[in-house]
Novice: 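Here's a structure for you.
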Protein chains: 2
Amino acid sequence: MSHDLPILDIDETVRTGGTTGLIGYRLRRAQLAVFQRFLSVFDELKLRPAEYSVLVLIGDNPGRKQTQIAEALGIKRANFVTLAHGLEERGLIERRASTGDKRANALHLTPSGAAFLAHARSFHEAMEAELIGRLGGPAKRDQLLDLLARLT
Amino acid sequence: MSHDLPILDIDETVRTGGTTGLIGYRLRRAQLAVFQRFLSVFDELKLRPAEYSVLVLIGDNPGRKQTQIAEALGIKRANFVTLAHGLEERGLIERRASTGDKRANALHLTPSGAAFLAHARSFHEAMEAELIGRLGGPAKRDQLLDLLARLT
DNA sequence: TATTGTTATACTCTATAACTATA
DNA sequence: TATAGTTATAGAGTATAACAATA
């Protein structure tokens with residue numbers, strides 16, 4: 001892998017000989033490919049990436065306020081409302097009255113939400129295993145996560 | 001870097017102890033961070049990532065049809081119309097009548113478009129150098145690009 | 001005054017269908 | 001029949017402002 005290879009290998013008839021950077025471009029391409037894979041795997045569960053991450057966070061941090069979960073995921077609290085409402089309508093989460101602060105909603109998984117999350121997690125783990133395989137093993141995965149962390 | 005660290009380090013009060021995968025999540029986070037950096041750097045040029053990639057491709061492949069440039073970048077040809085129109089209105093590109101096929105537009109940079117692109121490239125190269133620094137050098141960058149390619 | 005959840009709204013990006021003129 | 005460019009449109013995702021209830 002050299003930095004002066006063509007940016008594009010999608011269509012061999014269109015190429016660049018640029019020596020400019022391409023980290024952002026390749027990063028975006030890889031992210032889109034992985035997300036596309038996620039979408040197709042989670043299609044039958046009718047679960048979007050953001051919804052899955054919310055369930056994971058609530059499962060690991062029951063009782064938190066909407067603002068806390070939303071901020072941890074980089075979701076604006078205004079947009080989190082619709083997301084949480086959808087999960088609540090599906091019976092996966094509950095918005096209980098918070099003890100102490102009457103403004104806040106304490107988020108919890110319902111029993112069926114916990115079961116659903118366990119199922120979704122197994123899907124995710126299978127996908128992750130496939131990605132690790134493509135990367136060349138767990139050591140390569142750790143290498144990738146380390147490099148990504150340096151960009152964040 | 002181990003795989004059973006918390007997914008979230010944004011807010012220490014919200015964490016997961018999950019052993020599930022996080023490649024997609026970290027990939028998305030890193031991609032957003034890099035794109036955010038791109039947006040702030042290219043803000044004064046009033047240039048979006050997609051517009052920049054189009055200019056680069058036209059610069060390296062003058063005379064190509066809209067469809068060819070669009071497909072190479074994963075942009076729908078319907079959405080490419082507005083994008084190309086904006087670049088043309090700014091005097092950066094030209095849509096010339098294609099020789100042979102009267103349906104097609106042959107895309108070219110204008111002289112000022114070429115000068116503008118050279119300027120934008122220098123911005124991009126500086127950003128890329130900064131990213132390489134954060135990664136720990138060119139070897140690390142190549143390592144990252146190699147790993148990303150395996151995911152695509 | 002500040003914060004929580006909420007509504008309304010707008011802007012970008014992306015996706016599809018359908019049209020026209022050419023091939 | 002198929003392709004190139006275009007238009008219209010719809011759906012996500014994301015952003016801000018403003019409000020009522022509560023702190």
Side-chain angles (χ1 to χ4, degrees), chain A residues 11 13-14 24-25 28-29 31-33 35-36 38-40 42-43 46-54 58 63-89 93-108, chain B residues 11 13-14 24-25 28-29 31-33 35-36 38-40 42-43 46-54 58 63-89 93-108:
Chain A
D11 179 351
T13 68
V14 180
Y25 181 80
R28 176 169 155 79
R29 284 290 185 174
Q31 192 260 319
L32 286 176
F35 256 55
Q36 201 54 43
F38 185 99
L39 288 176
S40 75
F42 278 67
D43 185 56
K46 302 296 177 196
L47 204 59
R48 301 167 176 287
E51 292 174 327
Y52 176 67
S53 65
V54 166
I58 295 177
R64 299 306 180 105
K65 296 184 296 185
Q66 292 187 183
T67 301
Q68 287 180 303
I69 301 293
E71 278 185 358
L73 292 170
I75 302 172
K76 301 288 175 187
R77 73 185 195 280
N79 297 324
F80 190 85
V81 174
T82 310
L83 204 164
H85 187 67
L87 295 175
E88 192 174 34
E89 275 196 326
I93 69 170
E94 278 181 355
R95 294 197 257 196
R96 299 184 196 159
S98 189
T99 63
D101 193 333
K102 291 181 182 174
R103 298 170 301 180
N105 291 337
L107 300 179
H108 294 269
Chain B
D11 179 352
T13 68
V14 180
Y25 181 79
R28 176 169 155 78
R29 283 289 184 175
Q31 193 259 318
L32 287 176
F35 257 56
Q36 202 55 43
F38 185 100
L39 288 176
S40 75
F42 277 67
D43 185 56
K46 303 297 177 195
L47 204 60
R48 301 166 177 289
E51 292 174 326
Y52 177 66
S53 65
V54 167
I58 295 176
R64 299 305 179 108
K65 295 184 297 185
Q66 292 188 184
T67 302
Q68 287 180 305
I69 301 294
E71 279 185 359
L73 292 170
I75 302 172
K76 301 288 176 187
R77 73 185 195 281
N79 297 325
F80 190 85
V81 174
T82 310
L83 204 165
H85 187 67
L87 295 176
E88 192 175 35
E89 275 196 327
I93 68 171
E94 278 181 355
R95 294 196 257 196
R96 300 184 195 159
S98 190
T99 63
D101 192 334
K102 290 181 182 173
R103 296 170 303 180
N105 291 337
L107 300 179
H108 294 270

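Any value given below was found using the heavy atoms of this structure, including those in side chains, with hydrogens, waters and symmetry copies removed. Chain identifiers are assigned alphabetically (A, B, ...) following the order of the sequence lines, protein sequences preceding nucleic acid strands; residue numbering begins at 1 within each chain.
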Novice: Between atom CG in Leu83(B) and atom C1' in dT6(D), what is the gap in whole Å?
Specialist: 15 Å
Novice: Phe38(A) has an atom CZ; how far is it from atom P of dG13(D), in whole Å?
Specialist: 12 Å
Novice: Expressed in angstrom and rounded to an integer, what is the separation of Ile75(B) atom CD1 from dT16(C) atom P?
Specialist: 15 Å
Novice: So Lys46(A) and Glu51(A), do their side chains get closer than 4.5 Å, heavy atoms only?
Specialist: no
Novice: Nearest to the side chain of Lys76(A), heavy atoms from C-beta on, is which of dA15(D), dC13(C), dG5(C)?
Specialist: dA15(D)
Novice: Once you apply a heavy-atom cut-off of 4.0 Å, does Asn79(B) come out as touching a base, just sugar-phosphate, or nothing?
Specialist: base
Novice: Please tell me which of the listed nucleotides, dT14(D), dT7(D), dC13(C), lies nearest to the side chain of Arg48(B)?
Specialist: dC13(C)
Novice: Looking only at side-chain N and O atoms, does Arg77(A) come under 4.0 Å of OP1 or OP2 in dT16(D)?
Specialist: no
Novice: Locate the shortest heavy-atom distance separating Ala70(A) from Arg77(A); write the atom from each residue and the value.
Specialist: CB-CA, 4.4 Å
Novice: Locate the shortest heavy-atom distance separating Leu39(A) from Pro49(A); write the atom from each residue and the value.
Specialist: CD2-CD, 3.8 Å
Novice: Taking atom P of dG11(D) as reference, at what distance in whole Å does atom CG of Leu39(A) sit?
Specialist: 18 Å
Novice: Are any of Thr67(B)'s side-chain N or O atoms less than 4.0 Å away from OP1 or OP2 of dG5(D)?
Specialist: yes
Novice: Answer with base, sugar-phosphate or nothing: what part of the nucleic acid does Ala50(A) contact at a heavy-atom distance below 4.0 Å?
Specialist: nothing
Novice: Could you state the atom-to-atom distance from CZ of Phe35(A) to P of dA12(D) in whole Å?
Specialist: 16 Å
Novice: Start at the 5' end of DNA chain C and walk down; is the nucleotide closest to Thr82(A) or to Ala78(B) reached first?
Specialist: Thr82(A)
Novice: Between Ala72(B) and Arg29(A), which heavy-atom pair has the shortest distance, and what is it?
Specialist: O-NH2, 3.1 Å
Novice: How close do Phe38(B) and Arg48(B) get, counting heavy atoms only, and between which atoms?
Specialist: CE2-C, 4.0 Å
Novice: Tell me the interatomic distance from Leu73(A), atom CG, to dA15(D), atom P, rounded to whole angstroms.
Specialist: 14 Å
Novice: Any donor-acceptor pair under 3.5 Å between the side chain of Arg103(B) and the base of dG5(D)?
Specialist: no
Novice: Is any side-chain N or O of Arg95(A) closer than 4.0 Å to OP1 or OP2 of dT4(C)?
Specialist: no
Novice: Which comes earlier along DNA chain D counting from the 5' end, the contact point of Lys102(A) or that of Lys65(B), where each point is its nearest nucleotide?
Specialist: Lys65(B)
Novice: Tell me the interatomic distance from Arg96(A), atom CZ, to dG5(C), atom P, rounded to whole angstroms.
Specialist: 15 Å
Novice: Assign each of Asn105(A) and Gln36(A) to its nearest nucleotide of DNA chain C by heavy atoms, then name whichever residue's nucleotide is nearer the 5' end.
Specialist: Asn105(A)
Novice: Quick check on dA4(D): is either OP1 or OP2 less than 4.0 Å from any side-chain nitrogen or oxygen of Gln68(B)?
Specialist: no
Novice: How close or far is atom P of dA15(D) from atom CZ of Phe80(A), stated in whole angstroms?
Specialist: 16 Å
